Asks: 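I'd like to ask some things about the structure below.
For ligands, and for the atoms within them, numbers begin at 1 and follow the listed sequence. This one's a predicted model, so the numbers in the text were calculated from it and none came from an experiment.
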Amino acid sequence: MNNAPIGVFDSGLGGLTVWSELYRKMPEESLIYFGDGKNCPYGDQPREKVISYVDDAVRRLIDKGVKMIVIACNAATAVAIDYLRKTYPIPFIGLEPAVKPAALSSKSGVIGILATKATLEGRLFRETSQRYADRVRILAQVGEGFVELVEENREQSPEAEQIVGKLLRPMLEAGADRIVLGCTHYPFLAGVMRQIIAGRNVELIQPAEAVERQTEAVMQKFDLRAESGHLPTYEFCTCANEAYRQRLIAKSETAKQMIF
Ligand code: DGL
């Protein structure tokens, strides 16, 4: 048993789509969310820079006494997870695009993957997509501009329709029936994606539930669960500023309401 908080990290607001699942399914666990916010987006930045941003955030979370950390960011996982596991003694949960469930459930044999450049160029994605390449055709696409739409609260705007439609429509036209959201910001764009998909038998696949299950399994393995009846606390931190921290809190409310 361990009542210390779980750390949840992302480059910005996106990891709240994972945080909300932990919040819902683990009512006795305290959570500290760290959204960088100052250096976001990570997706196009050099590896060394991303590793140093993640390292800084992880140290701050460890200083706050977290018992484990969920890296709720595919880009940060792709670049930094090996380094983190080698450097720090606590367990880390990483994220990678959900290629496997998409490939195994696709009926058309075509799946679309939307993610950042860092994720699509990473070893984890390369290895997983090679494993399923004989089963399905994988259309991988960088979600150019998607993270900015979410960070700027423009998910419901006409530009969102335009920016998302431009990349999503060609996947649908090529016959994709599963679209993997390989960046934790993208589930905030699910509304606009569903309008574009309307009428087609296409599923959006996001990782939050699988990550929550994996977190439970790791807590079980290392006896890290909070005591039953433990009253949780929720904290939000950033290396941006107080206004951004308030945005994290407001967006966490939106994430809690999202039914995927
Ligand atoms: N939310 C992050 C992810 O899951 C990416 C955002 C970024 O590029 O910083 O990949």
Asks: W19 and F9: aromatic ring centres closer than 6.0 Å?
Replies: no
Asks: Under 4.0 angstrom from ligand 1, any heavy atom of A75?
Replies: yes
Asks: For ligand 1, which atoms sit closer than 4.0 Å to a heavy atom of V147?
Replies: 6 (C)
Asks: Identify, for atom 5 (C) of ligand 1, the protein heavy atom at the shortest distance, and state residue, atom and that distance.
Replies: C183 SG, 3.4 Å
Asks: Any idea which atoms of ligand 1 are less than 4.0 Å away from a heavy-atom of G43?
Replies: 7 (C), 8 (O), 9 (O)
Asks: I'd like to know whether T184 forms a side-chain contact (heavy atoms from CB on, under 4.5 Å) with N74, so could you lay out the CA-CA distance, the side-chain angles of the two residues, the decisive distance to 0.1 Å, and finally the verdict.
Replies: CA-CA 7 Å; T184 52; N74 296 258; 3.9 Å; yes
Asks: Side chains of E242 and Q246 only: does a donor on one sit below 3.5 Å from an acceptor on the other?
Replies: yes
Asks: Taking only heavy atoms of T116 into account, list the atoms of ligand 1 that are under 4.0 Å away from them.
Replies: 5 (C), 8 (O)
Asks: Answer with yes or no whether the side chains of T128 and E96 bring together a donor and an acceptor at under 3.5 Å.
Replies: yes
Asks: Can you tell me how the ring of Y83 sits relative to the ring of Y88, calling it parallel under 30°, perpendicular over 60° and tilted otherwise?
Replies: perpendicular
Asks: Any idea which of Y53, F146, Y42 brings a heavy atom closest to atom 7 (C) of ligand 1?
Replies: Y42
Asks: Where on D10 is there a heavy atom closer than 4.0 Å to ligand 1, on the side chain, on the backbone, on both, or on neither?
Replies: side chain
Asks: For atom 2 (C) of ligand 1, which protein heavy atom lies nearest, and how many Å away is it?
Replies: C73 SG, 3.3 Å
Asks: Classify the contact between N74 and ligand 1 as side chain, backbone, both or neither, using a heavy-atom distance cut-off of under 4.0 Å.
Replies: both
Asks: Out of the candidates E155, E152, E151, only one should pair with K251 under the salt bridge (Lys or Arg N to Asp or Glu O under 4.0 Å) rule; please name it.
Replies: E155
Asks: Where does T184 meet ligand 1, judged by heavy-atom distances below 4.0 Å: at the side chain, the backbone, both, or neither?
Replies: both
Asks: Quick check on contacts: which atoms of ligand 1 are under 4.0 angstrom from a heavy atom of S11?
Replies: 6 (C), 7 (C), 9 (O)
Asks: Going by atom types only, do D177 and S106 share a side-chain donor-acceptor pair under 3.5 Å?
Replies: yes
Asks: Where the side chain of K67 meets the backbone of L224, is there a donor-acceptor pair that is under 3.5 Å apart?
Replies: yes
Asks: Is there any N or O on C40 that sits under 3.5 Å from an N or O of ligand 1?
Replies: no
